[in-house]
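For reference, the structure discussed in these notes is given below.
Atoms considered below: every heavy atom in the structure, side chains included; atoms not considered: hydrogens, waters and symmetry mates.
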Amino acid sequence: MTIKRFTGRTGRLVVLEHTSKILKDNALGDPHVRKLGVWLPPQYDDTAGGRGRGRRFPVLFDLVGFTGSGLAHTGWRPFGENVPDRAARLMHERKMGPAIFVFPDCFTALGGNQYINSSALGNYADYLTRELIPFVDREFRTLASREHRGCFGKSSGGYGAIIHGMKYAQYWAAIGDHSGDSYFDFVYWHDWPNTLDELSKHRLPKRHPGRFDVRAASARRGLNEGLDDGRVRRFLDTVWGKEKLSHAESHCIMNVCMAATYDPDPKAPLGFRLPFNLDSGEVIEKRWRRWLGHDPILLVAKYKTNLAKLKGIYIDCGWRDQYHIHYGTRLLSLRLSEAGIDHMYQEFDDNHSDVDYRMDVSLPFLYRALKP
């Protein structure tokens, strides 16, 4: 079998360095100078047709998933296409017209973020909307209005896309949500026992076989208020010293990152609170309500007016998603339908991993919504 690669005009990737005022002095000490990838379609440099180099293009921001960074979507891939090559092929096949693609770097020391503002991580919603959008519009020949600008992503990126469509419709006209986090009671809750087990390895004092006073243990050092008793800090210090994380460590830092995203508190030891008691495992209702305040399925009614302004909403998910996100996307579609919000929802026979091929559906959809 011959490996097939697109051999047509592939456009041009530009990598810029952007200095962010918004990310400067973030709580994690993450870099505020970031690499920004911008892919220009083949037509960007055309001089034929009488329009010369003055032609302007719609813009699509690619929000990558957890542990990802924008430039990762521009690199070589085995048995598949990166996003620029996929876009170039779709344009060559006339399934979509030319558009500029933007690849932001929103990685953090906690493995990523959800593209919202958090005092514990950084104000990444503001970074995208207040800094990167105007920066890209200044540097490139974009159609510099929200009517011709959209964002899309998978997993955490899909969550970011739908949340931005809800909260920041003044910046975006269309969004694509591939397997984005929603229905938090399903997608996050089930993995917290594993996270608590992983964190317990860093508990002090260490546990010993025998009698265990659960009442005293679960009340120590603010555990009932979602505070860290030191084990989360020790866990982070451990994984930050590694180049390779175990499967359990990767999922644990993801849940820690979600706590920093959804329940930041500058007065807490780590700048955020946890939704479960670290010793007893009991849910802390007040803290979990903070998480649910960010759940897309519970936000449709609140942001119905903004959602109605969007020119295109695309959502999909594999019906074998190992994180059970298909139930969340189903409920999200149901809530949108109940609110009278036009959208496209699709499911397919696959899980959560390696589903970039679904962009063959979403990218043409988004282009049609954004084209001049």
Side-chain angles (χ1 to χ4, degrees), residues 25-31 66-67 107-114 116-122 124 156 181 184-294 322-323:
D25 299 323
N26 64 81
L28 289 173
D30 287 329
F66 190 73
T67 71
F107 187 74
T108 75
L110 294 183
N113 79 95
Q114 299 294 86
I116 66 176
N117 292 334
S118 164
S119 60
L121 289 174
Y124 284 90
S156 289
D181 302 357
F184 289 4
D185 287 330
F186 266 36
V187 70
Y188 295 134
W189 190 292
H190 74 97
D191 196 44
W192 264 96
N194 297 322
T195 292
L196 297 176
D197 286 346
E198 188 65 28
L199 292 174
S200 71
K201 298 176 183 177
H202 303 273
R203 182 187 190 275
L204 291 178
K206 294 290 186 181
R207 292 289 316 283
H208 299 285
R211 183 175 179 178
F212 180 45
D213 187 340
V214 180
R215 182 177 182 181
S218 60
R220 60 196 287 269
R221 298 187 186 179
L223 295 186
N224 283 328
E225 286 77 47
L227 299 179
D228 175 35
D229 63 353
R231 72 185 75 182
V232 179
R233 167 56 69 186
R234 288 186 286 272
F235 163 76
L236 291 174
D237 288 341
T238 298
V239 297
W240 284 339
K242 293 184 173 184
E243 290 193 24
K244 180 179 179 180
L245 275 61
S246 69
H247 180 80
E249 288 169 335
S250 296
H251 280 78
C252 183
I253 200 171
M254 180 181 69
N255 276 327
V256 170
C257 181
M258 297 307 141
T261 301
Y262 301 136
D263 196 6
D265 180 359
K267 297 179 181 179
L270 294 177
F272 59 89
R273 293 178 184 256
L274 302 155
F276 293 88
N277 185 300
L278 292 175
D279 260 347
S280 70
E282 185 175 18
V283 65
I284 305 168
E285 295 291 348
K286 181 179 179 180
R287 309 269 52 99
W288 189 246
R289 285 196 298 271
R290 290 289 300 271
W291 283 53
L292 295 182
H294 298 277
Q322 59 267 45
Y323 301 103

Kindly indicate whether the side chain of [X], heavy atoms from C-beta on, has any atom under 4.5 Å from the side chain of [Y].
X: F272; Y: D228; answer: no
X: D229; Y: L204; answer: no
X: R290; Y: P264; answer: yes
X: D181; Y: Y323; answer: no

Measure the spacing between [atom1] of [X] and [atom2] of [Y] and express it to the nearest 0.5 Å.
X: C252; Y: D197; atom1: SG; atom2: CG; result: 10.0 Å
X: L236; Y: L110; atom1: CG; atom2: CG; result: 6.0 Å
X: L278; Y: R220; atom1: CG; atom2: CZ; result: 9.5 Å
X: L121; Y: C257; atom1: CG; atom2: SG; result: 5.0 Å
X: R289; Y: H294; atom1: CZ; atom2: NE2; result: 13.5 Å
X: T108; Y: L28; atom1: OG1; atom2: CG; result: 5.5 Å

Checking side chain to side chain contact (heavy atoms under 4.5 Å, CB included) against N255, which of L196, N194, T195 comes through?
T195

Considering the options I253, D237, L227, V256, which one meets the side chain to side chain contact (heavy atoms under 4.5 Å, CB included) requirement together with V232?
V256

SB check D279 R231 (cutoff 4.0 Å):
yes

Presence of salt bridge, R287 and D263, under 4.0 angstrom
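Salt bridge between D263 and R287, a charged N being under 4.0 Å from a carboxylate O: yes.
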
Partner residues of N117 under the side chain to side chain donor-acceptor pair (under 3.5 Å) criterion, sequence neighbours left out:
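Residues passing side chain to side chain donor-acceptor pair (under 3.5 Å) with N117: D126.
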
Would the distance check show the side chain of K286 and the main-chain N or O of P275 forming a donor-acceptor pair, the cut-off being under 3.5 Å?
no

Check whether R203 reaches the backbone of P205 with its side chain - one donor and one acceptor, N or O, closer than 3.5 Å.
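Present.
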
ring-ring contact (aromatic ring centres under 6.0 Å, His included): pairs with one or both residues in residues 198-229, sequence neighbours excluded
H202-F235

Should we say atom [atom1] of [X] is surrounded by more than 12 heavy atoms from elsewhere, each under 6.0 Å from it?
X: K242; atom1: NZ; value: yes
X: E282; atom1: CD; value: no
X: K244; atom1: NZ; value: no

So W189 and V283, side chain to side chain contact (heavy atoms under 4.5 Å, CB included) or not? Walk me through it.
CA-CA 10 Å; W189 190 292; V283 65; 3.7 Å; yes

For A27 and A120, the nearest pair of non-hydrogen atoms, with its separation, is CB-O, 3.7 Å

Anything under 30° is parallel, anything over 60° is perpendicular, the rest tilted; go ahead and classify W291 against W288.
parallel

Go through the steps for I284 and L223 under the test side chain to side chain contact (heavy atoms under 4.5 Å, CB included), then give the verdict.
CA-CA 9 Å; I284 305 168; L223 295 186; over 6 Å; no

Where do L274 and W192 land on the side chain to side chain contact (heavy atoms under 4.5 Å, CB included) test, with the steps shown first?
CA-CA 10 Å; L274 302 155; W192 264 96; 4.0 Å; yes

Output, in order, the C-alpha distance, side-chain angles, deciding distance and verdict of side chain to side chain contact (heavy atoms under 4.5 Å, CB included) for M258 and S156.
CA-CA 10 Å; M258 297 307 141; S156 289; 4.2 Å; yes

